[in-house]
Amino acid sequence: MYRLARSTAPAAAGALTLLASLLGAGPGSSAATPVVEEAAAPVVEEAVYGRHETPPATPAADPPPKAPVAVGRGGAVSSVDPDASRIGLEVLRDGGNAIDAAVATAAALGVTEPYSAGIGGGGYFVVYNARTGRVATIDGRETAPAAMQPDAFINPETGQPYRFSPELVTSGVSVGVPGTPATWDEALDRWGTLSLRRALAPAADLAQSGFVVDETFRLQTQENAERFRTFTSSADLLLRHGVPAVGSRFRNPDLARTYRQLGRKGVDWLYEGRLGAEIARTVQRPPVSGATDLPVPPGSMTRADLAAYEALRQRPTRISYRGHDVYGMAPSSSGGTTVGESLNILEQYDLSSMAPEQALHHYLEATALAFADRAAYVGDPAYVDVPTRALLDDDYAAERACNLDPDAAAPKPVAPGDVTSYDGECPAASGAAVTDDNQGRSTTHLTTADRWGNVVAYTLTIEQTGGSGIVVPDRGFILNNELTDFTTVYDEDDPNRIQPGKRPRSSMSPTIVLNDGKPVLALGSPGGSTIITTVLQVLMNRLDLGMSLPRAVAAPRATQRNTANVVAEQAFIDAYGAALEAYGHTLVVAGAPGTSASEIGAVAAIGIGAKGRMTAVAEPTRRGGGSAMAIRPLG
Ligand code: GLU
C-alpha cells in the first residue's frame with residue numbers, strides 16, 4: 001500500500017510563522033501565493049498558449065530576468081528557471097524552510113519545465129537536517145509494474161528490440177509508477193513546515209497565470225512535436241495553437257487544478273484514488289490520435305501498482321575526500337557510488353599540484369573505472385545484491401587506481417574490479433568489460449538552503465525531454481518514460497535487467513558536502529549518465545583545482561563513461577584537446593552524431609561559507625542559463 005506515517009512533529013529547524021496571507025488561504029485558493037511585486041504578469045499584449053480557448057495574439061513579453069550567481073545570507077535557491085527560483089525564495093522569505101522551498105520550487109518546475117520534471121516522474125531528495133546534523137535521503141524513483149515482462153521492450157511483431165527513440169520512449173510500456181508526489185509528501189511530512197496544499201499553491205497559481213515561453217521551451221516543444229501529436233491529450237495541451245512562440249504566455253489550467261486537488265485531497269488521490277485510476281488507464285490505453293505512425297506499445301500499470309508505491313528512506317552514501325564528507329544518493333541511483341568511487345580513486349593523487357591537463361587525464365580515467373563497476377554491479381538493491389560498501393571502500397579504490405596509468409589513457413572499455421576480494425594491493429585485471437547503457441538527456445536539479453542551516457539537493461526527472469510524450473487527459477502533466485533506464489534486452493547477469501516492481505538504475509547525483517559536520521556545498525545536474533561526471537568535475541574544480549564555485553560550474557566539461565571516446569564541449573576541446581590527445585584520449589565534440597546536446601549538464605549549486613554566507617550558482621549559459629537567488633544579497 002502507499003503509506004506515509006503521518007507525524008505532527010514540529011518543523012525540522014525553527015518553529016516557523018508564515019505570513020498572514022499564506023495562513024489565510026483556503027483550499028485551492030489562489031490567495032495562497034505569497035505575492036511579491038515582480039511576480040506580476042507583464043502588462044503587455046501577448047500570445048497565449050496551453051489549454052485555453054482564445055487563439056494567440058501578438059507575442060510580446062520578455063521572460064523574467066535571471067542571474068546565474070547570487071551571494072547573500074538568510075537563504076538561497078538555485079534552479080534552471082527564474083519563476084521556480086522566485087517561488088522557492090518567496091517560501092523562504094515567508095518563513096518556510098529549505099525543504100518547503102525545495103518542494104515549492106520543484107512544483108513550479110513542473111509548470112515551467114514540464115518536459116523535464118513533474119508529478120508524472122520521479123527523483124532523489126537529499127537533505128542536510130540542521131537539527132540532527134545528519135544527511136538523509138528519499139528515493140522517489142519510479143517502479144516497474146508488477147506485470148512487466150522481461151521482454152517488454154521487444155517488438156512482438158519483429159522479435160527485435162523497439163528502436164529506443166522515438167518508439168520505445170513514446171509508449172505506455174516505458175512509464176514507471178510516479179514517485180515525485182510521494183517524495184514531496186514524505187519530505188514535507190518529515191522535515192517541512194508547510195502542508196502539501198500550501199507548498200503547491202504558488203505553482204498552481206503559476207500554472208493558472210502562465211509563464212513566458214523562452215527559446216529552450218519553444219525548441220523542446222518543436223523537437224518533440226511528432227511525439228506530442230501522437231496523443232490527443234498531449235496535442236491538446238502542448239500544440240493547440242502550434243509550437244508556442246518565444247515571448248508568448250503558456251498557461252496550464254489543468255495542471256493548476258490538478259495541483260490544487262492534490263494539495264486538498266492528499267497524495268492518496270493519486271496512489272489510491274481517482275487520479276491513479278486515470279494514470280493506469282492512460283498507460284494501458286494511451287490516447288493515440290492516429291496522427292503519426294509511432295507504434296506506442298501499451299503498458300500494464302494497474303491501480304494496484306500505484307497503491308503499492310513507496311518513497312523510500314535511504315541511508316545516503318558517504319565518503320571522505322580531502323577532509324570533506326561527501327554525501328550522495330545510494331542505489332537505486334548509481335550517482336552516490338559512482339561519484340564516490342571516482343573521488344576515492346582521485347584521492348590517491350595530488351591533483352592540486354598537477355598541470356590542468358594532467359589532473360583532467362586522471363579525472364577521465366577514474367570515471368572510466370568507476371563506470372565499469374557501475375555497469376557491472378549497480379541496480380535496485382531490493383532486487384540485486386549491490387556491493388555498495390566495497391564500491392565506496394578506500395582499499396577498493398586503491399586497487400582500482402592500479403589500473404590508472406598517470407601517463408596514458410587505457411583502451412576502453414576497461415574491466416570492472418573484483419568486489420569480493422580487495423586489500424589495496426595491485427591485482428591482475430579481472431572480469432569482463434561492460435559498456436554503458438541508454439540514458440536520457442532531460443531532468444532538472446534544484447538546490448535550496450535556509451537560515452537555520454538546512455540544505456536540500458534535489459534532482460527530479462521524467463527521463464527524456466518530454467518523457468513518454470503522454471499527457472494524462474485533462475490533468476496537465478506528462479507521464480515519464482523512466483523504465484527505458486532498464487537495459488533494453490534482458491540479460492540475467494545484468495544488475496539493471498527488467499524485473500517487475502523494480503526501480504531502474506539512475507545516474508541522478510544530488511550531492512551535499514560537509515566540512516566539520518557543516519554543509520559547505522550542495523549541487524546536482526541533469527544529463528543522463530553525464531550527471532555523474534558533471535557533478536564530479538564541479539567537485540574537482542572546486543575542491544582540487546582552486547576554482548571559485550561560479551568558475552567551477554561555468555568551466556568547460558568533458559565526460560568519459562568507459563567508452564572509446566571522451567565526449568567534450570567545444571570549449572573544453574579548444575582548451576585541453578591537444579594535450580589530452582597526447583595522453584591517448586580521443587575527444588569528440590558534444591552534439592556530434594552519436595552524442596547528445598552540445599552542452600553537458602545544467603548545474604544548480606549553493607556554496608555555504610563563514611557566517612552563513614551563501615553563494616547560489618546556476619549555469620551562466622548552458623540551457624539558456626539558470627537562476628540563482630539569495631534572501632539578503634550581499635554586494
Ligand atoms: N533517467 C535518467 C536517470 O535517472 C535521468 C535523465 C536525464 O537526466 O536525462 O539517470
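Bear in mind the structure is a predicted one, so any value in this text is a computation, not a measurement. Just follow the structure's listing: the first ligand is 1, and inside any ligand the first atom is 1.
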### Summary
Taking only non-hydrogen atoms of E482 and a 4.0 Å limit, the atoms of ligand 1 in range are 1 (N), 2 (C), 4 (O)
### Message
If I apply the N/O under 3.5 Å rule, does G528 come out as touching ligand 1?
### Response
yes
#### Entry: Atoms in ligand 1 with a heavy atom of M508 nearer than 4.0 Å
4 (O), 10 (O)
### Those atoms of ligand 1 less than 4.0 Å from some heavy atom in T443
5 (C), 6 (C), 7 (C), 8 (O), 9 (O)
### Message
Just to verify, which of V296, I470, N224 counts as forming a side-chain contact (heavy atoms from CB on, under 4.5 Å) with T230?
### Response
V296
#### Entry: Per atom 2 (C) of ligand 1, closest listed option by heavy atom (N480, T465, D485, T461)
D485
### Message
Could you work out, with salt bridge (Lys or Arg N to Asp or Glu O under 4.0 Å) as the rule, every residue matching R622, not counting sequence neighbours?
### Response
E569, E619
### Message
Using a 3.5 Å cut-off on N or O atoms only, is P526 in polar contact with ligand 1?
### Response
no
### Message
Regarding D385 and Y377, do their side chains bring together a donor and an acceptor under 3.5 Å, going by distance alone?
### Response
no
### Under-4.0 Å heavy-atom contact with ligand 1, by part of H445 that carries it
neither
For residues 167-182, which side-chain donor-acceptor pairs fall under 3.5 Å, sequence neighbours excluded?
residue, atom, partner, partner atom, Å
E167, OE1, R163, N, 3.1
T170, OG1, P166, O, 2.6
T170, OG1, R227, NH1, 3.0
S171, OG, L168, O, 2.7
S171, OG, V173, N, 3.4
S171, OG, S174, N, 3.1
S171, OG, S174, OG, 3.1
S174, OG, L168, O, 3.4
S174, OG, V169, O, 3.3
T180, OG1, G121, O, 3.0
T180, OG1, G122, N, 3.2

### Message
As an exercise, identify every atom of ligand 1 less than 4.0 angstrom from a heavy atom of I531.
### Response
8 (O)
### Donor-acceptor pair between Q464 and N481 side chains, under 3.5 angstrom
no
### Query
Going by heavy atoms in the side chains, are L523 and L539 under 4.5 Å from each other?
yes
### Query
Is R141 in contact with ligand 1, taking contact as a heavy-atom separation below 4.0 Å?
yes
### Message
Distance alone, cut at 3.5 Å: any donor-acceptor contact between the side chains of S507 and R374?
### Response
yes
